[in-house]
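All figures in this text were calculated on a predicted structure; none of them were measured in a lab.
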Amino acid sequence: MRATVIHGPNDIRIEEVPDPRIQRPTDAVVRVVNACICGSDLWAYRGVAAREAGQRIGHEFLGVVEEVGSEVSDFKPGDFVVAPFVWSDGTCDFCREGLHTSCPEGGFWGQVGYDGGQGEAVRVPYADGTLVRLPKEAAGDEKLLPGLLALSDVMSTGHHAAVSAGVKAGATVAVVGDGAVGLCGVLAAHRLGAGRIIALGRHQVRTDIARRFGATDVVAERGEAAIEAVKELTKGQGAHAVLEAVGTEESMRTAISVARDGGAVGYVGVPHGGSAGVDIGQMFGRNISLNGGVAPARAYIPELLPDVLSGAIEPGLVFDRTVDLAGVPDGYRAMDERTALKVRIGF
């Protein structure tokens with residue numbers, strides 16, 4: 001089969017690789033229908049995150065089950081499924097508590113020795129604990145597929161930021177970051193009933209999506225100017241809940257600074273560049289909470305799925321370009337150059 005392989009910074013290739021096969025009785029083989037490129041994939045593409053030459057890449061996909069191991073009981077060939085960006089056994093203490101990302105048997109797609117999501121097929125470890133079944137008819141619904149694909153990571157991650165920040169009905173929310181996760185954070189906050197949503201971003205195409213997702217205000221400034229702008233919008237108080245979806249020192253400093261006293265920051269941006277933006281003294285004096293981390297998408301997908309199927313939320317609007325597998329290297333370049341927000345891969 002063909003799959004996306006990374007050989008080094010700015011070196012993404014489509015290569016022939018061995019077909020996946022059942023290796024353990026808990027495995028399934030899934031033929032990929034849709035996949036996508038994530039903003040976090042760009043850290044490997046830029047050489048910031050280390051990868052071995054020839055390693056697979058990609059962690060978001062929808063597909064059809066082709067084969068299952070002898071111990072898989074919840075799925076059969078022909079089932080249409082979505083895979084969260086981490087596999088998990090579904091039975092350990094962490095999985096039962098909804099923290100599938102801490103499963104001792106879990107792992108990330110594309111790690112050394114495992115298939116990545118940006119390929120024609122994927123071996124899925126612990127299929128019963130990992131996959132979520134989708135309506136079969138949705139597999140051919142081009143309008144619905146982008147939203148279902150977003151559940152594998154960005155929508156679930158945006159929701160995790162909102163939940164971690166304690167977004168409640170009527171609350172004032174600020175979202176730091178206008179990438180796909182930040183935009184899905186806006187959508188998640190709106191879904192949870194936020195009364196006011198301030199999106200921090202400077203790219204109009206993206207902030208237009210933020211407004212469509214429920215943002216009531218847009219702040220284009222950065223740094224101290226952004227902090228002052230949010231304070232002005234909130235009569236000097238700041239936001240009850242802040243969603244941090246970037247992962248830099250500056251973004252974390254901004255997030256903590258625009259939080260209202262007694263408020264909370266939900267952070268889901270993959271950290272890079274150090275932690276100097278977290279000022280414990282500032283947080284202590286103002287009673288600001290900091291919660292978040294890697295989103296347990298497997299716990300959230302069943303909750304969010306009905307709203308995607310009904311059209312109540314449309315997270316698939318974050319996809320602004322679709323390519324075939326051969327177009328993936330160009331898709332990486334487009335996202336790196338910020339000429340594309342999020343690239344979907346059709347098979």
Side-chain angles (χ1 to χ4, degrees), residues 20 22 26-36 38 58-69 71-90 95 98 100 109 115 117-160 180 183-184 187-188 190-192 212-213 295-320 322 324-325 342-347:
I22 300 295
T26 52
D27 288 350
V29 173
V30 172
R31 176 175 54 82
V32 176
V33 171
N34 264 195
C36 56
C38 184
H59 54 262
E60 302 153 284
F61 62 94
L62 308 172
V64 176
V65 176
E66 285 198 330
E67 184 181 2
V68 297
E71 293 182 13
V72 175
S73 59
D74 293 344
F75 298 94
K76 63 184 184 302
D79 285 344
F80 184 43
V81 295
V82 57
F85 64 89
V86 171
W87 74 76
S88 53
D89 65 17
C95 287
H100 299 76
W109 310 111
D115 297 326
Q118 295 166 14
E120 293 179 323
V122 177
R123 178 179 75 88
V124 177
Y126 300 103
D128 282 346
T130 300
L131 299 172
V132 178
R133 184 182 290 102
L134 302 171
K136 282 189 178 181
E137 60 272 18
D141 190 336
E142 275 299 316
K143 186 175 186 299
L144 194 56
L145 285 175
L148 296 173
L149 180 59
L151 291 175
S152 64
D153 185 348
V154 290
M155 184 61 213
S156 295
T157 299
H159 180 68
H160 186 52
L183 294 174
C184 286
L187 184 57
H190 181 69
R191 177 180 175 273
L192 292 172
R212 188 166 176 178
F213 279 176
R298 181 59 183 81
Y300 294 137
I301 291 173
E303 175 186 350
L304 298 169
L305 177 59
D307 282 358
V308 172
L309 292 173
S310 70
I313 59 173
E314 295 185 80
L317 293 175
V318 298
F319 293 103
D320 57 352
T322 300
D324 59 13
L325 188 56
K342 190 166 178 66
V343 174
R344 182 166 69 110
I345 307 163
F347 290 82

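- The backbone N or O of Val64 lies less than 3.5 Å from no partner atom in the side chain of Arg31, so there is not a single donor-acceptor pair.
- Looking at Thr322, its side chain never comes within 3.5 Å of a backbone N or O of Ile345 through a donor-acceptor pair.
- Note: His190 and Phe213 fail the aromatic proximity criterion, with ring centroids not under 6.0 Å apart.
- To the nearest 0.5 Å, the span separating OH on Tyr300 from CG on Leu151 amounts to 13.5 Å.
- Side-chain atoms of Trp109 come within 3.5 Å of backbone N or O of Pro84 as a donor-acceptor pair.
- Panel note: side chain Asp115, backbone Arg123; a donor-acceptor pair is recorded below 3.5 Å.
- The side-chain heavy atoms of Leu62 and Ser152, taken from C-beta on, include no pair separated by under 4.5 Å.
- Atom CG of residue Leu148 and atom CZ of residue Phe80 lie 6.0 Å apart, to the nearest 0.5 angstrom.
- Among residues two or more places apart in sequence or in another chain, the side chain to side chain donor-acceptor pair (under 3.5 Å) test is passed with Glu120 by Arg2.
- Within the model, atoms CG of Leu149 and CG of Leu134 stand 10.5 Å from one another, a figure rounded to the nearest 0.5 Å.
- Under the 4.5 Å side-chain criterion, counting only non-hydrogen atoms from C-beta, Glu66 is not in contact with Val30.
- Taking 4.5 Å as the limit, some side-chain heavy atom of Arg298 sits within range of a side-chain heavy atom of Val132.
- Proximity of Pro315 to Val308: side-chain heavy atoms (C-beta onward) are separated by under 4.5 Å at one or more points.
- Counting heavy atoms from C-beta on, the side chains of Leu309 and Pro306 never come closer than 4.5 Å.
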* His100 and Val86: CA distance, side-chain angles, deciding distance, side-chain contact (heavy atoms from CB on, under 4.5 Å) verdict -> CA-CA 8 Å; His100 299 76; Val86 171; 5.9 Å; no
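- Distance check, rounded to the nearest 0.5 Å: CZ of Phe61 to CG of Asn34 gives 12.0 Å.
- One finds the CE atom of Met155 at 5.5 Å from the CG atom of Leu304 (value rounded to the nearest 0.5 Å).
- Put simply, the side chain of Gln118 gets close to the backbone of Cys36: a donor and an acceptor are under 3.5 Å apart.
- Although no hydrogens or angles enter the test, the distance criterion places a donor-acceptor pair under 3.5 Å between the side chain of Ser310 and the main chain of Asp307.
- Looking at Leu131, Ile22, Thr26 one by one, the single match for side-chain contact (heavy atoms from CB on, under 4.5 Å) with Val124 turns out to be Leu131.
- With hydrogens and angles disregarded, a donor-acceptor distance shorter than 3.5 Å links the side chain of Asp320 to the backbone of Lys342.
- With sequence neighbours excluded, the residues satisfying side chain to side chain donor-acceptor pair (under 3.5 Å) with Ser73 are Asp128.
- Between Arg344 and Glu60 there is no salt bridge, since no side-chain N of the basic residue sits under 4.0 Å from a carboxylate O of the acidic one.
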